[in-house]
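Letters A, B, ... are given to chains in the order of the sequence lines, protein chains preceding strands, and every chain is numbered from 1. Excluded from the calculations below are hydrogen atoms, water molecules and symmetry mates; all remaining heavy atoms, backbone and side chain alike, are included.
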Amino acid sequence: MGVRLAEFTAKFKEAFFEDLTTLRLRKAQHYPAATEPRYINRMIEMIRSLEASDIAYKAEDGSVYFRISRFPDYGKLAHLNLEELRPSGRINNDEYEKEAVGDFALWKAWTEEDGDVYWDSPWGRGRPGWHIECSAMATALLGPQLDIHCGGVDNMFPHHEAEIAQSECVTGKQFVRHWLHCAHLMVDGQKMSKSLGNFYTLRDLLARGYSGREIRFSLITVHYRLPLNFTLSGLDSARAALMRIDAWVSRLRSLSGGTPHETAIEATTSADRFLSALDEDLNISGAMGHLFDWLRESNRAMDLGTLSPGQATHTLEEFQRINHILAFEEEKIRIPSEVQSLVEERQRARANKNWALSDELRDAIAAKGWLLKDTKLGPELTMAAGR
RNA sequence: GGCGGGGUCGCCAAGUGGUAAGGCCGAGCUCUGCAAAAGCUCUAUCGCGGGUUCGAUUCCCGCCCCCGCCUCCA
(Lines give C-alpha, C1' and ligand atoms only; values in the text may rest on other atoms or scores of the structure.)
Protein backbone atom coordinates (compact mmCIF):
# COMPACT_ATOMS: atom_id res chain seq x y z
CA MET A 1 0.00 0.00 0.00
CA GLY A 2 1.22 3.38 -0.89
CA VAL A 3 4.19 1.91 -2.69
CA ARG A 4 4.65 2.87 -6.30
CA LEU A 5 4.15 0.10 -8.78
CA ALA A 6 7.64 0.39 -10.24
CA GLU A 7 9.16 0.42 -6.78
CA PHE A 8 7.16 -2.63 -5.81
CA THR A 9 8.14 -4.64 -8.84
CA ALA A 10 11.81 -3.62 -8.92
CA LYS A 11 12.96 -6.07 -6.29
CA PHE A 12 11.22 -8.96 -7.99
CA LYS A 13 12.84 -8.10 -11.27
CA GLU A 14 16.20 -7.95 -9.60
CA ALA A 15 15.68 -11.34 -7.98
CA PHE A 16 14.57 -12.75 -11.32
CA PHE A 17 17.74 -11.68 -13.07
CA GLU A 18 19.82 -13.02 -10.22
CA ASP A 19 18.09 -16.34 -10.65
CA LEU A 20 18.88 -16.40 -14.34
CA THR A 21 22.54 -16.08 -13.51
CA THR A 22 22.37 -18.73 -10.80
CA LEU A 23 20.76 -21.18 -13.20
CA ARG A 24 23.18 -20.25 -15.98
CA LEU A 25 20.41 -19.33 -18.34
CA ARG A 26 21.37 -17.48 -21.44
CA LYS A 27 19.83 -14.05 -21.44
CA ALA A 28 17.13 -13.03 -23.84
CA GLN A 29 17.75 -10.02 -26.05
CA HIS A 30 14.73 -8.18 -24.73
CA TYR A 31 12.85 -8.07 -21.49
CA PRO A 32 9.92 -5.85 -22.35
CA ALA A 33 7.78 -4.39 -19.58
CA ALA A 34 4.07 -4.10 -20.25
CA THR A 35 4.08 -0.73 -18.56
CA GLU A 36 6.46 0.90 -21.04
CA PRO A 37 4.69 3.70 -22.93
CA ARG A 38 5.62 2.31 -26.32
CA TYR A 39 3.90 -0.95 -25.54
CA ILE A 40 0.91 0.65 -23.87
CA ASN A 41 0.51 2.67 -27.06
CA ARG A 42 0.71 -0.42 -29.15
CA MET A 43 -1.89 -2.17 -27.04
CA ILE A 44 -4.20 0.77 -27.47
CA GLU A 45 -3.55 0.73 -31.20
CA MET A 46 -4.40 -2.95 -31.42
CA ILE A 47 -7.59 -2.51 -29.44
CA ARG A 48 -8.62 0.40 -31.67
CA SER A 49 -8.03 -1.75 -34.69
CA LEU A 50 -10.21 -4.48 -33.22
CA GLU A 51 -12.84 -1.94 -32.35
CA ALA A 52 -12.79 -0.59 -35.89
CA SER A 53 -13.56 -4.01 -37.27
CA ASP A 54 -16.29 -4.44 -34.70
CA ILE A 55 -14.52 -7.27 -32.93
CA ALA A 56 -13.99 -5.26 -29.78
CA TYR A 57 -16.71 -3.38 -27.99
CA LYS A 58 -16.90 -1.07 -25.05
CA ALA A 59 -19.21 -2.21 -22.32
CA GLU A 60 -21.16 -0.12 -19.86
CA ASP A 61 -18.54 -0.45 -17.17
CA GLY A 62 -16.08 1.36 -19.44
CA SER A 63 -14.04 -1.75 -20.16
CA VAL A 64 -13.40 -3.04 -23.63
CA TYR A 65 -14.01 -6.68 -24.48
CA PHE A 66 -13.15 -9.03 -27.30
CA ARG A 67 -16.19 -10.54 -28.96
CA ILE A 68 -15.19 -14.19 -29.24
CA SER A 69 -18.13 -14.98 -31.47
CA ARG A 70 -16.15 -13.17 -34.15
CA PHE A 71 -13.24 -15.59 -33.93
CA PRO A 72 -14.45 -19.13 -34.61
CA ASP A 73 -11.08 -20.69 -33.88
CA TYR A 74 -11.21 -19.55 -30.27
CA GLY A 75 -10.74 -22.70 -28.18
CA LYS A 76 -9.09 -24.68 -30.95
CA LEU A 77 -5.62 -24.71 -29.40
CA ALA A 78 -6.87 -26.16 -26.13
CA HIS A 79 -9.37 -28.43 -27.93
CA LEU A 80 -12.23 -26.85 -26.12
CA ASN A 81 -15.71 -26.81 -27.52
CA LEU A 82 -17.06 -23.61 -26.08
CA GLU A 83 -20.69 -24.65 -26.46
CA GLU A 84 -20.12 -27.67 -24.27
CA LEU A 85 -18.23 -25.97 -21.52
CA ARG A 86 -19.26 -26.90 -18.08
CA PRO A 87 -20.09 -23.93 -15.94
CA SER A 88 -17.36 -23.96 -13.35
CA GLY A 89 -19.02 -21.73 -10.84
CA ARG A 90 -16.10 -19.44 -10.90
CA ILE A 91 -17.77 -17.01 -13.19
CA ASN A 92 -20.33 -14.70 -11.84
CA ASN A 93 -22.24 -13.51 -14.83
CA ASP A 94 -23.88 -10.60 -13.11
CA GLU A 95 -20.58 -9.08 -12.25
CA TYR A 96 -19.77 -8.26 -15.83
CA GLU A 97 -21.26 -6.11 -18.48
CA LYS A 98 -20.12 -8.40 -21.23
CA GLU A 99 -22.26 -9.59 -24.11
CA ALA A 100 -21.07 -13.16 -23.69
CA VAL A 101 -19.48 -14.91 -20.75
CA GLY A 102 -16.51 -15.94 -22.81
CA ASP A 103 -15.61 -12.48 -24.01
CA PHE A 104 -12.36 -11.41 -22.48
CA ALA A 105 -11.15 -8.00 -21.42
CA LEU A 106 -8.86 -6.01 -23.67
CA TRP A 107 -8.97 -2.87 -21.59
CA LYS A 108 -10.08 -2.61 -18.01
CA ALA A 109 -11.70 0.53 -16.74
CA TRP A 110 -10.06 2.15 -13.76
CA THR A 111 -11.45 1.29 -10.36
CA GLU A 112 -10.73 2.59 -6.91
CA GLU A 113 -8.36 -0.19 -6.04
CA ASP A 114 -6.14 0.53 -9.04
CA GLY A 115 -4.97 3.66 -7.27
CA ASP A 116 -2.44 5.52 -9.33
CA VAL A 117 -1.94 2.63 -11.70
CA TYR A 118 -3.72 3.72 -14.87
CA TRP A 119 -3.20 5.06 -18.35
CA ASP A 120 -5.33 7.35 -20.42
CA SER A 121 -6.94 5.79 -23.44
CA PRO A 122 -9.69 6.45 -25.96
CA TRP A 123 -11.95 4.57 -23.53
CA GLY A 124 -10.90 6.59 -20.54
CA ARG A 125 -8.62 5.77 -17.70
CA GLY A 126 -7.76 2.18 -17.21
CA ARG A 127 -5.23 -0.52 -17.79
CA PRO A 128 -4.72 -3.17 -20.42
CA GLY A 129 -6.00 -6.71 -20.07
CA TRP A 130 -3.42 -9.39 -19.51
CA HIS A 131 -3.77 -11.04 -22.89
CA ILE A 132 -3.28 -7.95 -25.02
CA GLU A 133 -0.04 -7.15 -23.21
CA CYS A 134 1.57 -10.26 -24.57
CA SER A 135 0.24 -9.86 -28.09
CA ALA A 136 1.43 -6.28 -28.24
CA MET A 137 4.91 -6.88 -26.90
CA ALA A 138 5.46 -10.05 -28.88
CA THR A 139 4.41 -8.62 -32.21
CA ALA A 140 6.27 -5.36 -31.52
CA LEU A 141 9.55 -7.18 -31.03
CA LEU A 142 9.17 -10.24 -33.21
CA GLY A 143 6.79 -9.21 -35.95
CA PRO A 144 3.32 -10.51 -36.78
CA GLN A 145 4.32 -14.17 -36.81
CA LEU A 146 6.27 -16.11 -34.19
CA ASP A 147 8.06 -19.33 -35.02
CA ILE A 148 7.94 -20.65 -31.48
CA HIS A 149 5.89 -19.55 -28.52
CA CYS A 150 6.60 -21.17 -25.16
CA GLY A 151 4.44 -21.22 -22.09
CA GLY A 152 3.00 -23.36 -19.35
CA VAL A 153 0.18 -25.76 -20.20
CA ASP A 154 -1.97 -24.05 -17.65
CA ASN A 155 -1.93 -20.92 -19.77
CA MET A 156 -3.14 -22.61 -22.90
CA PHE A 157 -6.64 -21.58 -22.07
CA PRO A 158 -7.61 -18.86 -21.99
CA HIS A 159 -4.42 -16.88 -22.33
CA HIS A 160 -2.84 -18.37 -25.43
CA GLU A 161 -6.21 -18.62 -27.12
CA ALA A 162 -6.78 -14.96 -26.45
CA GLU A 163 -3.35 -14.05 -27.77
CA ILE A 164 -4.08 -15.90 -30.98
CA ALA A 165 -7.49 -14.31 -31.37
CA GLN A 166 -6.31 -10.75 -30.82
CA SER A 167 -3.15 -10.98 -32.83
CA GLU A 168 -4.63 -12.71 -35.81
CA CYS A 169 -7.59 -10.38 -35.96
CA VAL A 170 -5.21 -7.43 -36.06
CA THR A 171 -2.48 -8.76 -38.34
CA GLY A 172 -4.43 -11.16 -40.52
CA LYS A 173 -1.62 -13.67 -40.19
CA GLN A 174 -1.13 -16.90 -38.31
CA PHE A 175 0.28 -15.73 -35.00
CA VAL A 176 2.37 -18.74 -33.93
CA ARG A 177 3.75 -21.60 -35.98
CA HIS A 178 4.75 -23.87 -33.09
CA TRP A 179 3.61 -23.90 -29.49
CA LEU A 180 5.82 -25.40 -26.80
CA HIS A 181 3.80 -26.00 -23.68
CA CYS A 182 5.73 -27.15 -20.69
CA ALA A 183 4.28 -29.18 -17.86
CA HIS A 184 4.02 -28.20 -14.24
CA LEU A 185 6.67 -28.21 -11.61
CA MET A 186 5.67 -30.39 -8.70
CA VAL A 187 7.31 -30.38 -5.31
CA ASP A 188 7.57 -33.53 -3.22
CA GLY A 189 4.76 -35.12 -5.20
CA GLN A 190 2.33 -32.26 -5.08
CA LYS A 191 1.65 -29.27 -7.23
CA MET A 192 3.74 -26.41 -6.00
CA SER A 193 1.54 -23.76 -4.53
CA LYS A 194 1.62 -20.88 -2.17
CA SER A 195 -1.26 -22.16 -0.07
CA LEU A 196 0.40 -25.53 0.49
CA GLY A 197 3.64 -23.77 1.29
CA ASN A 198 5.47 -26.57 -0.47
CA PHE A 199 7.86 -24.49 -2.46
CA TYR A 200 11.53 -23.79 -2.40
CA THR A 201 13.02 -20.58 -3.65
CA LEU A 202 16.33 -20.65 -5.37
CA ARG A 203 17.74 -18.82 -2.37
CA ASP A 204 16.46 -21.50 0.01
CA LEU A 205 18.27 -24.12 -1.99
CA LEU A 206 21.49 -22.15 -2.18
CA ALA A 207 21.32 -21.64 1.56
CA ARG A 208 21.05 -25.39 1.98
CA GLY A 209 24.37 -25.74 0.22
CA TYR A 210 23.17 -26.67 -3.25
CA SER A 211 24.71 -24.88 -6.17
CA GLY A 212 23.13 -23.31 -9.19
CA ARG A 213 24.44 -25.91 -11.54
CA GLU A 214 23.12 -28.72 -9.35
CA ILE A 215 19.69 -27.14 -9.44
CA ARG A 216 20.07 -26.63 -13.18
CA PHE A 217 20.95 -30.28 -13.67
CA SER A 218 18.03 -31.38 -11.57
CA LEU A 219 15.59 -29.23 -13.52
CA ILE A 220 16.98 -30.32 -16.86
CA THR A 221 16.64 -34.06 -16.35
CA VAL A 222 12.98 -34.25 -17.26
CA HIS A 223 11.46 -33.58 -20.66
CA TYR A 224 9.72 -30.23 -20.82
CA ARG A 225 6.31 -31.72 -21.59
CA LEU A 226 6.40 -33.95 -18.51
CA PRO A 227 5.75 -32.70 -15.03
CA LEU A 228 8.91 -32.49 -12.98
CA ASN A 229 8.67 -33.58 -9.38
CA PHE A 230 11.28 -31.56 -7.60
CA THR A 231 12.84 -33.08 -4.49
CA LEU A 232 15.95 -32.61 -2.43
CA SER A 233 16.97 -36.18 -3.10
CA GLY A 234 16.73 -35.32 -6.79
CA LEU A 235 19.27 -32.59 -6.09
CA ASP A 236 21.49 -35.06 -4.30
CA SER A 237 21.55 -37.36 -7.28
CA ALA A 238 22.24 -34.37 -9.52
CA ARG A 239 25.20 -33.56 -7.33
CA ALA A 240 26.55 -37.09 -7.54
CA ALA A 241 26.17 -37.19 -11.31
CA LEU A 242 27.88 -33.82 -11.73
CA MET A 243 30.81 -34.85 -9.55
CA ARG A 244 31.24 -37.83 -11.78
CA ILE A 245 31.35 -35.59 -14.83
CA ASP A 246 33.83 -33.30 -13.06
CA ALA A 247 36.10 -36.20 -12.23
CA TRP A 248 35.95 -37.39 -15.83
CA VAL A 249 36.79 -33.93 -17.17
CA SER A 250 39.71 -33.41 -14.83
CA ARG A 251 41.00 -36.87 -15.59
CA LEU A 252 40.87 -36.06 -19.30
CA ARG A 253 42.56 -32.73 -18.67
CA SER A 254 45.49 -34.21 -16.83
CA LEU A 255 45.95 -36.73 -19.61
CA SER A 256 45.42 -34.40 -22.55
CA GLY A 257 48.10 -32.74 -24.59
CA GLY A 258 49.51 -32.52 -28.05
CA THR A 259 47.51 -32.47 -31.22
CA PRO A 260 43.86 -33.33 -30.92
CA HIS A 261 43.41 -36.84 -32.15
CA GLU A 262 40.17 -38.61 -32.85
CA THR A 263 39.59 -41.65 -30.74
CA ALA A 264 38.59 -44.99 -32.06
CA ILE A 265 35.92 -45.47 -29.43
CA GLU A 266 34.04 -42.37 -30.28
CA ALA A 267 34.41 -42.43 -34.01
CA THR A 268 30.62 -42.37 -34.00
CA THR A 269 30.92 -38.86 -32.57
CA SER A 270 29.32 -38.83 -29.19
CA ALA A 271 28.64 -35.13 -29.28
CA ASP A 272 26.68 -35.61 -32.49
CA ARG A 273 24.59 -38.32 -30.90
CA PHE A 274 23.92 -36.04 -27.97
CA LEU A 275 22.90 -33.18 -30.22
CA SER A 276 20.70 -35.24 -32.48
CA ALA A 277 18.84 -36.56 -29.46
CA LEU A 278 18.10 -32.95 -28.59
CA ASP A 279 16.90 -32.41 -32.13
CA GLU A 280 14.10 -34.86 -31.39
CA ASP A 281 11.83 -32.47 -29.55
CA LEU A 282 14.51 -31.72 -26.97
CA ASN A 283 14.94 -35.27 -25.76
CA ILE A 284 17.32 -34.36 -22.97
CA SER A 285 17.11 -37.73 -21.24
CA GLY A 286 18.17 -39.55 -24.36
CA ALA A 287 20.95 -37.03 -24.86
CA MET A 288 22.23 -37.47 -21.32
CA GLY A 289 22.21 -41.20 -21.83
CA HIS A 290 24.64 -40.72 -24.71
CA LEU A 291 26.83 -38.48 -22.59
CA PHE A 292 27.14 -41.06 -19.84
CA ASP A 293 27.73 -43.89 -22.29
CA TRP A 294 30.56 -41.86 -23.73
CA LEU A 295 31.88 -41.06 -20.29
CA ARG A 296 32.02 -44.71 -19.33
CA GLU A 297 33.65 -45.75 -22.59
CA SER A 298 36.41 -43.19 -22.36
CA ASN A 299 36.96 -43.93 -18.67
CA ARG A 300 37.40 -47.54 -19.56
CA ALA A 301 39.93 -46.58 -22.22
CA MET A 302 41.82 -44.49 -19.69
CA ASP A 303 41.82 -47.39 -17.23
CA LEU A 304 43.34 -49.57 -19.90
CA GLY A 305 45.79 -46.86 -20.89
CA THR A 306 44.57 -46.93 -24.47
CA LEU A 307 43.54 -43.30 -24.64
CA SER A 308 46.30 -41.11 -26.01
CA PRO A 309 46.88 -37.51 -24.89
CA GLY A 310 45.72 -36.34 -28.32
CA GLN A 311 42.56 -38.39 -28.00
CA ALA A 312 41.95 -36.93 -24.55
CA THR A 313 42.27 -33.44 -26.00
CA HIS A 314 39.87 -34.31 -28.74
CA THR A 315 37.40 -35.76 -26.25
CA LEU A 316 37.53 -32.54 -24.24
CA GLU A 317 36.90 -30.54 -27.38
CA GLU A 318 33.92 -32.70 -28.21
CA PHE A 319 32.64 -32.31 -24.68
CA GLN A 320 32.81 -28.54 -25.06
CA ARG A 321 30.37 -28.80 -27.94
CA ILE A 322 27.73 -30.15 -25.61
CA ASN A 323 28.78 -28.29 -22.54
CA HIS A 324 28.04 -25.19 -24.54
CA ILE A 325 24.43 -26.26 -24.06
CA LEU A 326 24.59 -27.96 -20.70
CA ALA A 327 26.76 -25.37 -18.95
CA PHE A 328 27.78 -27.94 -16.37
CA GLU A 329 31.32 -26.79 -15.76
CA GLU A 330 32.34 -26.63 -12.15
CA GLU A 331 31.93 -23.38 -10.39
CA LYS A 332 34.70 -21.80 -8.44
CA ILE A 333 33.76 -22.17 -4.83
CA ARG A 334 35.00 -19.67 -2.34
CA ILE A 335 36.68 -21.39 0.55
CA PRO A 336 36.81 -19.41 3.80
CA SER A 337 40.40 -18.65 4.84
CA GLU A 338 39.91 -20.35 8.22
CA VAL A 339 38.95 -23.54 6.43
CA GLN A 340 41.79 -23.10 3.99
CA SER A 341 44.35 -22.84 6.78
CA LEU A 342 42.97 -25.99 8.41
CA VAL A 343 43.41 -27.77 5.11
CA GLU A 344 47.01 -26.59 4.90
CA GLU A 345 47.71 -27.63 8.46
CA ARG A 346 46.28 -31.03 7.68
CA GLN A 347 48.49 -31.37 4.64
CA ARG A 348 51.53 -30.77 6.85
CA ALA A 349 50.30 -33.37 9.32
CA ARG A 350 49.83 -35.85 6.52
CA ALA A 351 53.32 -35.18 5.21
CA ASN A 352 54.58 -36.07 8.69
CA LYS A 353 52.32 -39.12 8.73
CA ASN A 354 50.58 -37.76 11.77
CA TRP A 355 47.31 -39.50 10.96
CA ALA A 356 45.64 -38.77 14.28
CA LEU A 357 46.05 -35.03 13.86
CA SER A 358 45.13 -35.32 10.23
CA ASP A 359 41.82 -37.02 11.04
CA GLU A 360 41.12 -34.54 13.80
CA LEU A 361 41.60 -31.67 11.40
CA ARG A 362 39.32 -33.31 8.84
CA ASP A 363 36.63 -33.46 11.52
CA ALA A 364 37.22 -29.82 12.33
CA ILE A 365 36.78 -28.96 8.68
CA ALA A 366 33.60 -31.04 8.55
CA ALA A 367 32.30 -29.17 11.57
CA LYS A 368 32.56 -26.01 9.53
CA GLY A 369 30.37 -27.56 6.85
CA TRP A 370 32.97 -28.76 4.37
CA LEU A 371 33.64 -32.25 3.14
CA LEU A 372 37.26 -33.00 2.42
CA LYS A 373 38.53 -35.81 0.29
CA ASP A 374 42.09 -36.66 -0.68
CA THR A 375 42.60 -37.15 -4.35
CA LYS A 376 45.67 -37.75 -6.45
CA LEU A 377 45.69 -34.07 -7.27
CA GLY A 378 45.50 -33.03 -3.63
CA PRO A 379 42.72 -32.34 -1.15
CA GLU A 380 39.32 -31.40 -2.54
CA LEU A 381 36.62 -29.53 -0.70
CA THR A 382 32.88 -29.74 -1.20
CA MET A 383 30.29 -27.72 0.61
CA ALA A 384 28.12 -30.10 2.59
CA ALA A 385 24.47 -30.03 1.57
CA GLY A 386 22.24 -29.40 4.54
CA ARG A 387 18.72 -30.51 5.12
C1' G B 1 -18.57 -34.70 -17.37
C1' G B 2 -15.27 -32.75 -21.64
C1' C B 3 -10.31 -32.06 -23.32
C1' G B 4 -5.01 -32.80 -22.70
C1' G B 5 -0.65 -35.27 -20.37
C1' G B 6 1.05 -39.49 -17.60
C1' G B 7 1.49 -44.71 -15.18
C1' U B 8 8.76 -48.52 -17.36
C1' C B 9 14.05 -51.34 -11.89
C1' G B 10 14.05 -48.83 -4.45
C1' C B 11 14.10 -43.29 -6.60
C1' C B 12 14.55 -40.29 -11.35
C1' A B 13 14.00 -41.31 -16.51
C1' A B 14 14.70 -42.76 -22.24
C1' G B 15 12.91 -45.99 -25.87
C1' U B 16 11.25 -49.67 -29.62
C1' G B 17 6.43 -54.43 -33.16
C1' G B 18 11.18 -58.87 -32.19
C1' U B 19 12.49 -60.26 -26.11
C1' A B 20 14.02 -52.90 -22.14
C1' A B 21 19.29 -46.43 -22.75
C1' G B 22 21.10 -43.62 -18.92
C1' G B 23 21.48 -41.24 -13.90
C1' C B 24 21.03 -41.88 -8.39
C1' C B 25 21.03 -45.58 -4.62
C1' G B 26 22.80 -50.65 -3.45
C1' A B 27 26.30 -54.91 -3.98
C1' G B 28 31.19 -56.84 -5.61
C1' C B 29 36.13 -55.78 -7.21
C1' U B 30 40.42 -52.17 -8.02
C1' C B 31 42.82 -48.13 -5.82
C1' U B 32 43.95 -46.23 -0.89
C1' G B 33 47.48 -44.27 5.95
C1' C B 34 42.28 -44.21 7.40
C1' A B 35 37.81 -42.20 5.61
C1' A B 36 36.14 -40.68 1.27
C1' A B 37 36.37 -39.96 -3.76
C1' A B 38 37.16 -42.16 -8.37
C1' G B 39 37.16 -46.39 -11.99
C1' C B 40 35.16 -51.05 -13.64
C1' U B 41 31.31 -54.87 -13.12
C1' C B 42 26.25 -56.46 -11.63
C1' U B 43 20.76 -55.55 -10.70
C1' A B 44 13.67 -54.60 -14.27
C1' U B 45 10.08 -57.40 -18.47
C1' C B 46 7.41 -51.98 -18.93
C1' G B 47 -0.75 -50.09 -14.25
C1' C B 48 -4.89 -54.15 -15.01
C1' G B 49 -7.99 -57.19 -18.49
C1' G B 50 -9.02 -58.45 -23.42
C1' G B 51 -7.83 -58.27 -28.82
C1' U B 52 -4.72 -57.94 -33.45
C1' U B 53 0.06 -60.39 -34.68
C1' C B 54 4.61 -65.64 -35.83
C1' G B 55 5.79 -62.05 -31.90
C1' A B 56 3.45 -56.13 -27.96
C1' U B 57 6.07 -52.66 -23.01
C1' U B 58 5.50 -50.55 -27.95
C1' C B 59 -0.93 -51.06 -32.21
C1' C B 60 -6.57 -51.46 -31.00
C1' C B 61 -10.67 -51.83 -27.16
C1' G B 62 -12.25 -51.61 -22.06
C1' C B 63 -10.97 -50.52 -17.01
C1' C B 64 -8.17 -48.48 -12.71
C1' C B 65 -4.99 -44.64 -10.74
C1' C B 66 -2.24 -39.76 -10.93
C1' C B 67 -1.64 -34.61 -12.83
C1' G B 68 -3.40 -30.25 -15.49
C1' C B 69 -7.11 -27.07 -18.02
C1' C B 70 -12.47 -26.05 -18.51
C1' U B 71 -12.71 -18.18 -19.02
C1' C B 72 -11.19 -12.37 -16.92
C1' C B 73 -5.07 -12.75 -10.94
C1' A B 74 -1.39 -11.57 -14.11
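Of the candidates A:Gln166, A:Gln145, A:Arg42, A:Glu163, A:Thr139 forms a side-chain hydrogen bond (donor to acceptor under 3.5 Å, both in side chains) with just one, namely A:Arg42.
For A:Asn155, no side-chain nitrogen or oxygen approaches OP1 or OP2 of B:C69 to under 4.0 Å. Contact annotation: A:Arg251 does not reach the phosphate of B:A38 (side-chain N/O to OP1 or OP2, under 4.0 Å). Not one side-chain nitrogen or oxygen of A:Lys108 sits closer than 4.0 Å to the OP1 or OP2 atom of B:C73. Between A:Arg300 and B:U41 there is a side-chain N or O to OP1 or OP2 distance below 4.0 Å. An OP1 or OP2 oxygen of B:A74 is reached within less than 4.0 angstrom by a side-chain nitrogen or oxygen of A:Arg127. Contact annotation: A:Arg244 does not reach the phosphate of B:A38 (side-chain N/O to OP1 or OP2, under 4.0 Å).
In this entry the distance linking CG of A:Leu226 with P of B:U8 reads 11 Å, nearest Å. Between the P atom of B:G33 and the CD atom of A:Gln347 lies a distance of 13 Å, rounded to the nearest Å. Look at CE on A:Met243: it is 10 Å from C1' on B:A36, rounded to the nearest Å. Per the geometry, CG belonging to A:Asp114 stands 13 Å off C1' belonging to B:A74, to the nearest Å.
By the stacking rule of 5.5 Å between ring centres and under 30° between planes, A:Phe292 does not stack on the base of B:G22.
Comparing the same atom, C1', in B:C48 and in B:U57 gives a spacing of 14 Å after rounding to whole Å. Between B:C9 and B:A13, the distance separating the two C1' atoms is 11 Å to the nearest Å.
When the nucleotides B:G68, B:C25, B:U71 are ranked by their closest atom to the side chain of A:Tyr74, B:U71 comes out on top. Set against B:U71, B:G33, B:C24, the side chain of A:Arg346 has B:G33 as its closest nucleotide. Distance from the side chain of A:Phe157 is smallest to B:U71 among B:C24, B:C3, B:U71.
In this structure, the side chains of A:Arg213 and A:Leu242 come closer than 4.5 Å at one or more pairs of heavy atoms. A 4.5 Å side-chain heavy-atom check between A:Tyr57 and A:Val64 finds every atom pair outside the cut-off.
Within 3.5 Å, a donor on the side chain of A:Arg362 pairs with an acceptor on the base of B:C34, or the reverse. Remark: the A:Ser285 side chain and the B:G15 base include no donor-acceptor N/O pair separated by less than 3.5 Å. Under 3.5 Å, the side chain of A:Asp293 and the base of B:G23 form no donor-acceptor pair of N or O atoms.
With both pairing distances under 3.5 Å, B:G68 is matched to B:C3 as a Watson-Crick or G-U wobble pair.
Within the nucleic acid shown, A:Thr231 has no heavy atom closer than 4.0 Å to any nucleic acid atom.
Here A:Trp355 sits alone; no ILVMFWY side chain lies under 4.5 Å from its own, so it joins no hydrophobic cluster.
In this structure a side-chain-to-backbone donor-acceptor pair under 3.5 Å is missing from A:Asp73 to A:Lys76.
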